Amino acid sequence: MYEIPFNRPYQTGNEWAYIQDAINEGKLSGNGKYTRKCQRFFEKKYGFGKAFLTHSCTQALEMAALLLGLGPGDEVILPSYAYVSTANAFALRGCSLVFADCRPDYPAIDETKIQRLISSRTKALVIVHYGGVACNMEMIADLVEENGIFLIEDAAAAIDAYYISHDDREIPLGSMGHLATFSFHETKNISCGEGGMLVVNEASFFDRAEEIWNRGTNRKSFDQGSSNAYEWVSLGSAFAPSEINAAWLWAQLEQLESIRKKRKIIWDWYYQNIHSLLPGFEIEKPIVPIFAAHNYHVFYLLCKAEAGREQLINHLKNKGILSVFHYQCLHQSPHFRSQYQGEPLIYAERYQDRLLRLPLFFDLERNKFKSLLLA
Ligand SMILES: *Cc1c(COP(=O)(O)O)cnc(C)c1O
């Protein structure tokens, strides 16, 4: 056991009451009162086209691949420095994966290196807003439009984070892609244990998304009386979570602002004090580009080299603090490396080897962190 774990799930206090209320409603399967409350919250606050709660962001990505009708022969471009599910969802449909490198300054896809990866078979570009920090969206939107491909924002960790346009508008992450995916996994800012959401911004996909979400059936039009039999109409799966999960999520969404505020205090504290808390370690602080208003999801450090990171992890561990690293580059993963034929992706590998995440959760005790380290 660590004195300071990497993450501690936070409860706002209303979760149990809402779960009891969901039980009293007499409908515990999906698409009930709390599911609709959560979905409407996102559609209203962020201007998302349509929101569909799922069991995970992994499922939302799988739903996205189904919805776009992708299959063998189709190429999907995505960053190598990403979570397994970002790739798996498209690999499951038989797509060819084309991996892109990161920017030198922070762990987002390098938008200047995407064009050269586009071919006549490219169908979609998947971007990851790493740690809730926006990618360079205006350039990416131009690329997508010029090449006539779909844009999927893997906004798993990017709830309530924004891209700041050249004319100073704050545009919510998840509102710019044809599709976007979010996670409410225990480790994310807002959680319900396991949970996720697919956002569909492209109106021509709304009806199909509904069918895919409803196990490939016409559930919605049947319930509305516009179909006279309940039947199989497309590929699909059971993507909707139960009302119990949605009720828990609703309690968290209500506290979105205060959760963000608390995380900001911790993030800023790390940013200002980390060099004096870790004297003697060669570390670089994270860079947040001017076009990103982030959500304080991740506080990471970049170590000088892999050995330096190992040393820092052990130092923190000896003081009772758990720090973790991620992601292992997908293009070099045991599953994919024998298929990879592209260039070396040097920045993706650099983050893989050198990035270290510090604990960041709602009730992290800063004084305890400090006294453990400096004792
Ligand atoms: C957390 C995360 C996921 C996976 O989310 P789950 O809800 O656990 O499936 C996918 N992509 C990124 C970028 C993530 O951070």
Side-chain angles (χ1 to χ4, degrees), residues 6-7 9 38 42 51-66 76-92 97 99-100 102-103 106-109 124-135 137 140 151-161 163 173-174 176-177 179-199 213 237-242 245-246 248-249 252-253 263 286 292 294-300 324-331 333 335-336 348 351-352 355-357 360-361:
F6 178 69
N7 182 56
C38 292
F42 285 103
F52 295 90
L53 293 192
T54 58
H55 295 270
S56 61
C57 181
T58 299
Q59 273 205 335
L61 286 157
E62 290 172 19
M63 205 180 143
L66 268 171
V76 175
I77 299 172
L78 72 166
S80 175
Y81 190 72
Y83 187 61
V84 173
S85 304
T86 317
N88 228 336
F90 302 92
L92 276 168
L97 305 181
F99 288 109
C102 287
R103 288 171 55 118
Y106 76 107
I109 194 167
L125 168 65
V126 188
I127 59 169
V128 176
H129 299 299
Y130 176 80
V133 179
C135 297
M137 292 310 295
I140 287 171
L151 177 63
I152 301 156
E153 297 177 71
D154 180 351
I159 185 172
D160 202 40
Y163 171 73
L173 301 188
M176 291 169 279
L179 305 175
T181 61
F182 288 86
S183 173
F184 309 119
H185 183 265
E186 164 183 288
T187 52
K188 306 297 203 260
N189 290 17
I190 299 287
S191 99
C192 59
E194 299 271 0
M197 177 172 69
L198 176 72
V199 167
W213 191 59
S237 192
F239 285 115
S242 86
N245 290 58
W248 188 283
L249 182 62
Q252 300 249 317
L253 284 177
R263 297 184 74 101
H294 71 118
N295 62 1
Y296 312 99
H297 176 60
V298 167
F299 187 88
Y300 68 83
V324 303
F325 61 83
H326 71 172
Y327 302 111
Q328 296 305 106
C329 287
L330 296 169
H331 74 289
S333 60
H335 177 69
F336 198 83
Y351 297 119
Q352 166 191 271
L355 184 144
L356 186 66
R357 299 173 65 186
L360 180 46
F361 50 87

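Both counts, for ligands and for their atoms, begin at 1 and track the order of listing. Residue numbers start at 1 and run along the sequence shown. Since the structure is predicted, the reported quantities are computational estimates derived from the model, not experimental observations. The figures that follow rest on heavy atoms only: side chains count, while hydrogens, waters and symmetry mates do not.
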To the nearest 0.5 Å, what is the distance between CZ (F184) and CG (N189)?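 With rounding to 0.5 Å, CZ (F184) is 11.0 Å from CG (N189).
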Check each heavy atom of [X] against ligand 1 and say whether those closer than 4.0 Å belong to the side chain, the backbone, both or neither.
{"X": "S85", "answer": "neither"}
{"X": "K188", "answer": "side chain"}
{"X": "T86", "answer": "side chain"}

Can any side-chain N or O of [X] pair as donor or acceptor with the backbone N or O of [Y] at less than 3.5 Å?
{"X": "T181", "Y": "A60", "answer": "no"}
{"X": "E153", "Y": "G177", "answer": "yes"}
{"X": "Q352", "Y": "C329", "answer": "yes"}
{"X": "W213", "Y": "T54", "answer": "no"}
{"X": "H55", "Y": "G196", "answer": "no"}
{"X": "S183", "Y": "A157", "answer": "no"}

Between D154 and ligand 1, is there a nitrogen or oxygen pair with a distance under 3.5 Å?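 Indeed, backbone or side chain, D154 has an N or O that close.
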If I apply the N/O under 3.5 Å rule, does A156 come out as touching ligand 1?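 Such a contact does not occur with ligand 1.
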Tell me the protein heavy atom at minimum distance from [atom], and give that distance in Å.
{"atom": "atom 4 (C) of ligand 1", "answer": "Y83 CD2, 3.7 Å"}
{"atom": "atom 7 (O) of ligand 1", "answer": "S183 OG, 2.7 Å"}
{"atom": "atom 5 (O) of ligand 1", "answer": "C57 CB, 3.2 Å"}
{"atom": "atom 9 (O) of ligand 1", "answer": "T58 OG1, 2.5 Å"}

Any atoms of ligand 1 less than 4.0 Å from a non-hydrogen atom of [X]? List them with their elements.
{"X": "V128", "result": "13 (C)"}
{"X": "S56", "result": "7 (O), 9 (O)"}
{"X": "H185", "result": "8 (O)"}

What do you reckon, does G195 put a non-hydrogen atom under 4.0 Å from ligand 1?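 Within the 4.0 Å threshold, so yes.
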Compute the minimum heavy-atom distance from Y327 to ligand 1 and say whether it is under 4.0 Å.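 Yes, Y327 has a heavy atom closer than 4.0 Å to ligand 1.
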Looking at every heavy atom in both I109 and R103, which two are closest together, and how far apart are they?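 In terms of heavy atoms, the two residues are closest at O-CG, 3.6 Å.
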Relative to each other, are the rings of Y81 and Y327 parallel, tilted or perpendicular (30° and 60° limits)?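 Rings of Y81 and Y327: perpendicular, over 60°.
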